[in-house]
Amino acid sequence: MDLSEQKLDWTALQPHLAQLPVETQKVSFLDLQWRACSAIAQFLKNSHRSLLVLKADDQSEYASEVENWVKLQQAPLQVSGVQYVVEQGDSFSFAQIHIEPAQSVQDNFAAKKTVATALYFDQSSLFGSIRIHPMSHDIQLNAGLVHQLNNGVLILSVNQLLTHFDCWERLKHVLVTKQFDWYSAHPFKALPCEIPSYPLNVKVLLLGNREELATLNELVPDLYHLADYSEIESYIAVGKEPQQQAWQQYVQSFAWQHQFPHLTQDGLDKLYQWLVRESESRVLINSSPLILTQILSGVSLLSNNKDEISAVDVEQYFQQKLVQQGFLREQAYADIFYHQVYIETDHEAVGQINGLSVVEFTGMPMSFGEPSRISCIVQFGDGEIVDIERKSELAGNVHGKGMMIAQNCLANILDLPSQLPFSASLVFEQSYGEIDGDSASLAAFLVLASALSDLPVPQSIAVTGSIDQFGLVHSIGGVNDKIEGFFAICQSRGLTGKQGVIIPQSCLYQLSLTDDVVTAVKNNQFFIWTVNDVFEACEILFDRPLVVDEQTDKAEKVTIAQLIAKRIEQYAEQHHYIPFWLKWFAKK
């Protein structure tokens, strides 16, 4: 096997935008949301549908964008609806109310807007209210949002609708019947007089994140019989050149609209590199207006050039943000530097390997990578493999699943009996909190193979990846943080030119590493290998094959499987051997 193919070149460690001419055409946020725009346009034209549900993660920002877009699609405001004429009662008669066609927009219940947003509302603000003067008992009718938007579009928050769920049935009634009826706000008090109903045609857009929509759907099982559905995507595709060009036009238009400096081409490229880290995909990028405002405002404050934003400015902003939020990361790394947490980055050891994990603290926006020492002790026995993290209830179900897959994968590849002829214990050393995830299953497989074969593992190489029962290595999350976490430890101790990490091949399109890591790889001071299966990982780590090549039926070196088989055979011979003192004791 040619291992040079598994070693990544430094040019593969950071993504770059295609060098495309950016036109001066202005592109808005919703211009990138073709699914949502298509759904809204059809919804506005369809007179038989009154409710559209849009998945939207950032409601406050997205609502204003949707409102502006809908406003452009709507016809100019026309006089419609009614006005309520109230004839106040006196000591001898009840008040009487009747309706007349509205003559102007100023009439009390005439349509006053074509589109409006209400992220916070209650019964009275949504459906209007009836007020009675405490002294004169005069009646006053106040229009609600549904009245003001007769023949228009009302944008509501699902979260607020869940908070005031008593509004739902009445809103549903208005949308289905296309008529507004007055009801008393108090369950035990009737209306002060008869108030006529009137035709009301309003379209409603509901904005909510996925969890809120799931809750609403549980409460309203027939929701999507009444409503259409689409999504405002927080992440947009930038895998193709036209998509990249549209995103660049959007960023430049956004900067112009909010009076931020123009971005240079290398500035856009650096912004792209940092944003894809968050999405963990080179073909997806966060397009949230809130995120862009946060970044561009921060970059503008740090930049010395008030006319344009360069790559240096963008890099400076993100580095400053890492320092600002990096206290806990620095403390975690300090524990390793001062040997409070033992992590070896040199020499070799049997049954010990450096895994890679991502550390997240509740209430802290930043996550970071950190190496974890995984050890394995093997004793030939009844086949039990103890996952100490799981046994001590410090690991989640996904972690336990990953460890069991690693064990079964090794037994399958080595063609061992169902009950393995050895016992082993696996543990994350100096781990004091709960861990979860299956990204350590490749490391568990390799450390188990090391302990069984008595082959040392280079401590200068860290490993991450999940595996299946057939030995294929699958993608994991947080790969950039994991690589940079191990690199930070190695860099602090001094790069030796032997250090590096093994990651899944499928993580290649997640990579967007910092300039320090790229420079080290370029200078052959640090290495990143990608693997598709455990066979490639074993060749890199142990410098020998796991099993005999089926095509050539031979191997240049003794395989790991042969070494394990030899140790099992030696154990079997010892197991049937009876010591002389036991024979002597038996004669007695």
Side-chain angles (χ1 to χ4, degrees), residues 8-24 27 32 235-326 366 368 479-481 483-484 487-488 491 508-523 525-526 528:
L8 288 181
D9 187 73
W10 68 272
T11 56
L13 304 183
Q14 286 181 333
H16 294 279
L17 291 169
Q19 298 292 322
L20 301 170
V22 180
E23 300 175 3
T24 57
V27 175
L32 304 177
Y235 297 90
I236 61 170
V238 288
K240 300 177 181 178
E241 289 189 357
Q243 295 169 334
Q244 291 186 8
Q245 188 174 34
W247 177 77
Q248 293 179 66
Q249 290 174 326
Y250 162 61
V251 173
Q252 298 288 26
S253 300
F254 189 90
W256 176 83
Q257 179 184 354
H258 293 82
Q259 299 181 340
F260 295 125
H262 173 83
L263 281 85
T264 63
Q265 185 62 46
D266 66 338
L268 283 168
D269 201 47
K270 183 58 68 174
L271 177 62
Y272 163 68
Q273 290 173 6
W274 277 101
L275 286 178
V276 298
R277 287 171 62 93
E278 192 253 345
S279 66
E280 295 193 334
S281 171
R282 293 183 178 185
V283 298
L284 285 177
I285 198 166
N286 194 325
S287 62
S288 165
L290 185 63
I291 298 294
L292 264 185
T293 302
Q294 175 187 342
I295 294 172
L296 294 182
S297 61
V299 173
S300 300
L301 288 173
L302 294 174
S303 175
N304 294 323
N305 189 342
K306 301 304 179 183
D307 296 326
E308 62 180 22
I309 293 174
S310 67
V312 174
D313 299 324
V314 177
E315 181 69 19
Q316 182 183 6
Y317 165 78
F318 281 101
Q319 291 300 330
Q320 191 253 9
K321 192 174 179 182
L322 288 177
V323 173
Q324 181 179 314
Q325 301 177 356
M366 176 184 174
F368 58 91
V479 66
N480 292 297
D481 287 336
I483 293 172
E484 290 165 3
F487 174 80
Q491 186 183 42
L508 181 61
Y509 284 94
Q510 296 182 28
L511 293 182
S512 184
L513 296 164
T514 59
D515 293 340
D516 286 348
V517 179
V518 174
T519 301
V521 173
K522 183 178 181 179
N523 295 332
Q525 296 174 308
F526 193 79
I528 300 174

**Message:** Angle between ring planes, Phe260 versus Phe254, binned at 30° and 60°: parallel, tilted or perpendicular?
**Reply:** parallel
**Close side-chain approach of Ile291 and Leu275, heavy atoms under 4.5 Å** = yes
**Fill in**
Nearest heavy-atom contact between Thr293 and Ser297 is O-OG, 2.7 Å
**Request:** Measure the spacing between CG of Leu511 and OG of Ser281 and express it to the nearest 0.5 Å.
**Result:** 11.5 Å
**Message:** Keeping Gln14 on the side-chain end and Leu513 on the backbone end, is there a donor-acceptor pair under 3.5 Å?
**Reply:** yes
**Asked** Any side-chain heavy-atom pair from Tyr317 and Gln294 closer than 4.5 angstrom?
**Response** yes
**Prompt:** For Gln324, does the CD atom sit with more than 12 other heavy atoms under 6.0 Å from it, leaving out its own atoms?
**Reply:** yes
**Message:** Whether the side chain of Gln249 engages the backbone of Val27 through a donor-acceptor N/O pair (distance < 3.5 Å, no angle test) should be reported.
**Reply:** no
**Request:** Establish, from distance only, whether the side-chain atoms of Ser310 and Asp313 form a donor-acceptor pair under 3.5 Å.
**Result:** yes
**Prompt:** Hey, is the main chain of His262 close enough, under 3.5 Å, to the side chain of Gln252 for a donor-acceptor pair?
**Reply:** no
**Prompt:** Would you say Tyr509 has more than 12 foreign heavy atoms packed within less than 6.0 Å of its OH?
**Reply:** no
**Message:** Once rounded to the nearest 0.5 Å, what's the spacing between atom CG of Leu268 and atom NE2 of His16?
**Reply:** 14.0 Å
**Any donor-acceptor pair under 3.5 Å from Arg282 side chain to Gly239 backbone** = no
**Request:** Check for a donor-acceptor pair, side chain of Glu484 on one end and backbone N or O of Thr514 on the other, with a separation under 3.5 Å.
**Result:** yes
**Item:** Heavy-atom donor-acceptor pair, Tyr235 side chain to Val283 backbone, under 3.5 Å
**Value:** no
**Prompt:** Is there a side-chain contact between Trp247 and Leu271 (heavy atoms, below 4.5 Å)?
**Reply:** yes
**Item:** Straight-line distance of Lys321 NZ to Leu302 CG, nearest 0.5 Å
**Value:** 12.0 Å
**Request:** Hey, could you give me the CG/CD1 distance between Leu8 and Ile528, rounded to the nearest 0.5 Å?
**Result:** 6.0 Å
**Request:** Could you tell me whether the side chains of Gln273 and Lys270 share a donor-acceptor contact shorter than 3.5 Å?
**Result:** yes
**Prompt:** Given side chains that start at C-beta, do those of Trp274 and Ile295 come closer than 4.5 Å, heavy atoms only?
**Reply:** no
**Prompt:** Among side-chain atoms of Thr11 and Asp9, is any donor-acceptor pair under 3.5 angstrom?
**Reply:** yes
**Message:** Is any side-chain heavy atom of Tyr272 closer than 4.5 Å to one of Val251?
**Reply:** no
**Pair Glu280, Asn480: side-chain N/O donor-acceptor within cut-off below 3.5 Å** = no
**Asked** Going by atom types alone, do Gln525 and Gln491 pair a side-chain donor with an acceptor below 3.5 Å?
**Response** no
**Prompt:** Distance-only, no hydrogens or angles: does the Gln244 side chain make a donor-acceptor pair with backbone N or O of Val238 under 3.5 Å?
**Reply:** yes
**Message:** Any side-chain to backbone donor/acceptor pair from Thr264 onto Ile309? Under 3.5 Å, distance only.
**Reply:** yes
**Thr519 side chain vs Asp515 backbone, donor-acceptor pair below 3.5 Å** = yes
**Prompt:** Side chains of Phe368 and Asp481: closer than 4.5 Å at any heavy-atom pair?
**Reply:** no
**Message:** Atom CD of residue position Gln319 - does it have more than 12 heavy atoms of other residues, nucleotides or ligands inside 6.0 Å?
**Reply:** yes
**Message:** Can a donor-acceptor pair be found, under 3.5 Å and without considering hydrogens, that links the side chain of Ser279 to the backbone of Leu284?
**Reply:** yes
**Item:** Approximate separation, where rounding is to 0.5 Å, of Ile285 CD1 and Leu17 CG
**Value:** 7.0 Å
**Asked** Which distance, rounded to the nearest 0.5 Å, do you find between the CD1 of Ile236 and the OG of Ser287?
**Response** 4.5 Å
